[in-house]
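Position 1 is the first residue of the sequence, and the numbers go up from there.
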Amino acid sequence: MARASLALVLLLGSAPAGWAQQATDAVAPETATTIETQAGDLGPLTDAARAALATKAKGRPVTGQDWMISAAHPLAVEAGARVLAAGGSAADAMVAVQTVLGLVEPQSSGLGGGAFLVWHDGETGALTTLDARETAPMAATPRLFLTPDGQPMEFMEAVVGGRSVGTPGTPALLEAAHRRWGKANWSGLFDDAIRLAEGGFTVSPRLASQVAEEGEALQADPATTAYFFPGGQPVAAGTLLKNPAYAATLRRLAAEGADGFYQGAVAEGIVAAVRGASNPGVLAMADLAAYRVVERPAVCVEYRAHDVCGMGPPSSGGLTVGQILGMLGGYDLAALGAENPESWRLIGDASRLAFADRGRFMADSDHVPMPTEGLIDPAYLAERAKLLAGDDSLPEVSAGAPGWSHAALWGQDASLELPSTTHISIVDGDGNALSMTTTIENGFGSRLMTGGFLLNNELTDFSFETHDENGWPIANAVAPGKRPRSSMAPTVVLKDGKPVMVIGSPGGSRIIGYVARAIIAHLDWGMDIQKAVAAPNIVNRFGPMDIEAGLPAALTQGLTDMGYELNETDLTSGLQGIVIGPDGALSGGADPRREGIALGG
């Protein structure tokens with residue numbers, strides 16, 4: 001029992017004890033040894049993966065010269081590392097990583113969800129983003145999440161069942177990325193996931209704890225119940241779990257490509273699960289057959305002589321991270337330092353201002369007009385930055401007036417995003433850089449299972465209401481074929497056109513704060529990538545300052561004196577990052593709050 005409890009502390013993670021630069025040498029050697037012995041809780045691992053766990057425990061980055069990968073579970077990282085070591089591309093490795101994550105971390109991502117991918121091409125220097133966000137069924141109406149008397153449904157009432165399921169995009173993204181940038185044989189990229197699904201994988205402490213916490217909420221669907229509660233009991237950490245249905249789905253994908261998912265038996269199973277649920281949805285075979293990945297322009301903002309590039313609409317991630325950094329560009333955070341309340345006042349209020357714009361303007365720009373360019377225009381951000389010039393927290397914030405290429409006015413959105421999701425960062429031997437955030441939205445998604453994978457609840461990322469309290473229409477309201485707004489923020493940071501940092505995180509709407517903080521920690525405060533991802537989280541979205549336990553008293557008192565309401569809570573980021581040095585040397589970091597590792601070669 002003590003061993004399992006210690007594994008939960010070390011592998012699930014809690015807030016780091018103090019600041020990352022102080023913690024590097026504070027980790028006792030026996031702690032690294034303990035982490036290494038706990039690797040058994042994650043299944044049989046290679047020596048390299050075990051060493052990576054110990055390196056993370058010491059607060060040090062993993063290094064490499066040719067390639068680097070950082071993702072949320074050692075078994076998934078190993079699968080991707082094998083592909084890279086054999087000369088495969090970052091796109092090839094991503095397919096292997098994602099399919100294993102869908103098995104060993106099913107609560108966060110998988111074939112039944114969607115993703116955003118940012119790619120920097122090592123040969124051409126081109127920056128590409130691919131949007132594989134789920135889409136609303138064509139039969140969806142603006143009243144999808146309203147009760148018969150016109151009131152918004154309770155959130156979990158909407159989530160559980162088929163009503164919340166959007167058309168999955170992840171399988172289409174796997175194929176699209178491989179067709180563009182793949183080098184390895186497609187069918188072989190599924191081998192590790194198939195082997196683990198058929199032979200069984202070791203249930204991790206994190207997965208076991210989340211299944212137990214869900215309890216009855218995860219037992220509305222017979223297929224889900226049978227898988228996660230064998231014999232009526234939640235799966236236990238350290239036990240072997242097999243998923244032959246998932247292996248069969250992967251074999252179909254390997255043989256037929258994405259058509260094997262969007263047509264035929266797999267697609268029929270998805271539609272049957274959605275429409276046959278106790279809270280049925282309206283997804284149809286035609287929705288699956290019509291799904292397409294969309295290439296979109298990256299959103300880039302200059303910060304400290306770097307270009308910070310991410311995903312544009314329908315994600316709010318790239319825009320909101322960009323706005324935060326753009327407003328901070330005129331303030332010397334490096335001189336202020338990481339433990340200065342003034343640094344966090346500036347970061348916190350810049351975030352509040354950015355979130356005010358996010359709630360007002362950001363949605364699927366294919367369906368509603370959006371001032372995308374105006375939101376990150378340097379002149380607009382400089383004007384907004386003037387609001388940060390005081391000494392105390394802003395008493396209130398409101399959306400600004402960014403420049404529009406055409407007129408529109410939208411109401412204030414109040415949609416809810418909960419912290420699930422996962423992230424993959426990869427640099428390959430050809431210098432390609434991939435940053436991909438992938439999700440099924442809420443933990444365990446809609447709680448519906450078919451074909452060995454969970455279906456998303458992505459439609460609950462839409463606003464349940466169609467108009468705000470002033471009667472203005474809400475940009476992020478449900479519409480047929482529309483993609484719900486996201487906070488996912490896969491990011492590639494460039495200097496002189498070359499990638500120097502690949503970063504991203506899960507965490508719902510807090511993703512934006514996690515990613516911005518990690519970039520600031522590296523570029524302003526000089527932290528290496530492991531310190532940057534491990535540093536304490538302080539996040540402000542709508543007013544209260546969310547903080548982790550264990551912050552210095554001088555910092556928390558300073559923030560309180562500035563007028564902030566502090567909310568101490570778990571901020572379980574899952575930052576996965578890579579830094580590319582001037583000489584091409586690679587260093588990788590993995591958030592200690594979760595089970596992931598970085599591996600390099």
Tightest non-hydrogen contact, residues Ala91 and Gly182, listed as CB-N, 4.3 Å
Exactly one candidate in Ile376, Val118, Val308, Thr491 meets side chain to side chain contact (heavy atoms under 4.5 Å, CB included) with Val299; the answer is Ile376
Distance col, row Met311:CE vs Leu319:CG, nearest 0.5 angstrom, shows 10.5 Å
Worksheet item: Within the distance-only criterion (no hydrogens, no angle test), does the side chain of Gln219 pair as donor or acceptor with the backbone N or O of Gly215 below 3.5 angstrom?
Response: yes
Exercise. Check whether any side-chain N or O of Asn279 sits under 3.5 Å from a backbone N or O of Val160 as a donor-acceptor pair, and report yes or no.
Key: yes
Check: Val165 and Asn456 side chains under 4.5 Å, non-hydrogen atoms: yes
**Message:** Please check: side-chain N/O of Thr99 versus main-chain N/O of Phe190, any donor-acceptor pairing under 3.5 Å?
**Reply:** no
Query raised in the report: Where do Leu218 and Gln107 land on the side chain to side chain contact (heavy atoms under 4.5 Å, CB included) test, with the steps shown first?
Result: CA-CA 11 Å; Leu218 194 55; Gln107 73 275 22; over 6 Å; no
Please evaluate residues Glu214 and Val211 with respect to the criterion side chain to side chain contact (heavy atoms under 4.5 Å, CB included), reporting the C-alpha separation (whole Å), side-chain torsions for both, the decisive distance (0.1 Å), and the verdict.
CA-CA 5 Å; Glu214 283 285 311; Val211 170; 5.8 Å; no
*Side-chain heavy atoms of Leu111 within contact of Leu253, under 4.5 Å*: yes
Heavy-atom closest pair (Ala115 atom, Leu173 atom, distance to 0.1 Å) is CB-CD2, 3.6 Å
| said: Does any part of the side chain of Leu207, heavy atoms only, come nearer than 4.5 Å to the side chain of Glu595, both counted from C-beta? | reply: no
* So, Asp192 and Arg195, do they make that salt bridge, N to O below 4.0 Å? -> yes
Handout entry: Expected output: side-chain Arg133 to main-chain Phe116 donor-acceptor under 3.5 Å
Key = no
Interatomic distance, CZ@Arg360 vs CE@Met370, rounded to 0.5 Å, equals 14.0 Å
Strictly distance-based, threshold 3.5 Å: is any side-chain N or O of Ser164 a donor or acceptor partner for the main-chain N or O of Ser446? no
Original post:
Any sub-3.5 Å donor-acceptor pair from Arg510's side-chain atoms to Pro506's backbone N or O?
Top reply: no
Separation between CG (Leu575) and CD1 (Ile503), nearest 0.5 Å, reads 5.0 Å
Close side-chain approach of Glu134 and Thr167, heavy atoms under 4.5 Å:
no
Interatomic distance, CZ@Arg483 vs OG@Ser365, rounded to 0.5 Å, equals 10.5 Å
Inset, instruction - For atom CD of Glu154, decide whether the heavy atoms of other residues, nucleotides or ligands shown that lie under 6.0 angstrom number more than 12. - result: no
Centroid separation under 6.0 Å, is that true for the rings of Tyr246 and Phe201?
no
When every non-hydrogen atom of Ala136 is compared with those of Phe462, the smallest separation belongs to CB-CE1, 4.0 Å
For Val235 and Ala208, the nearest pair of non-hydrogen atoms, with its separation, is O-CB, 3.7 Å
- Item | Donor-acceptor pair between Asp591 and Ser573 side chains, under 3.5 angstrom | yes
**OP:** For the pair Thr129 and Leu117, evaluate side chain to side chain contact (heavy atoms under 4.5 Å, CB included) and give the outcome as yes or no after the intermediate values.
**Re:** CA-CA 6 Å; Thr129 74; Leu117 184 153; over 6 Å; no
Note: Leu375 and Gln323 closest approach over all heavy atoms is O-NE2, 3.0 Å
Sorted by chain and number, sequence neighbours left out, side chain to side chain donor-acceptor pair (under 3.5 Å) with Asn432 holds for Asp428
Requested in this report: Verify the distance criterion only: is there a donor paired with an acceptor across the side chains of Asp570 and Thr572 at less than 3.5 Å?
Outcome: no
Angle between ring planes, Phe453 versus Phe261, binned at 30° and 60°: parallel, tilted or perpendicular?
tilted
ask   = Should Asn457 and Phe444 count as side-chain neighbours, where that means a heavy-atom distance under 4.5 Å?
value = no
Q. Is there a donor in the side chain of Arg358 and an acceptor in the side chain of Thr320, or the other way round, less than 3.5 Å apart?
A. no
Leu127 vs Cys300, test: side chain to side chain contact (heavy atoms under 4.5 Å, CB included). Steps then yes/no. CA-CA 10 Å; Leu127 190 70; Cys300 296; 3.9 Å; yes
**Prompt:** So, the side chain of Ser487 versus the backbone of Ile512: is there a donor-acceptor pair under 3.5 Å, distance only?
**Reply:** no
Could you check if a side-chain atom of Thr135 sits within less than 4.5 angstrom of a side-chain atom of Asp287, using non-hydrogen atoms only? no
Heavy atoms of Ser70 and Gln576 approach each other most closely as OG-NE2, 2.6 Å
Whether the side chain of Tyr514 engages the backbone of Val539 through a donor-acceptor N/O pair (distance < 3.5 Å, no angle test) should be reported.
no
> Do any N or O atoms from the side chain of His423 and from the backbone of Met436 form a donor-acceptor pair under 3.5 angstrom?
Replying inline: yes
Sorted by chain and number, sequence neighbours left out, salt bridge (charged side-chain N to carboxylate O under 4.0 Å, His left out) with Arg296 holds for Asp131, Asp366
Any side-chain heavy atom of Met156 within less than 4.5 Å of one from Asn442? yes
Residue pairs passing the salt bridge (charged side-chain N to carboxylate O under 4.0 Å, His left out) test with at least one member in residues 258-279, sequence neighbours excluded, are none
Indicate yes or no: at least one non-hydrogen side-chain atom of Met362 is less than 4.5 angstrom from one of Asn476. no
Short side-chain to backbone donor-acceptor contact, Thr170 and Gly113, under 3.5 Å
yes
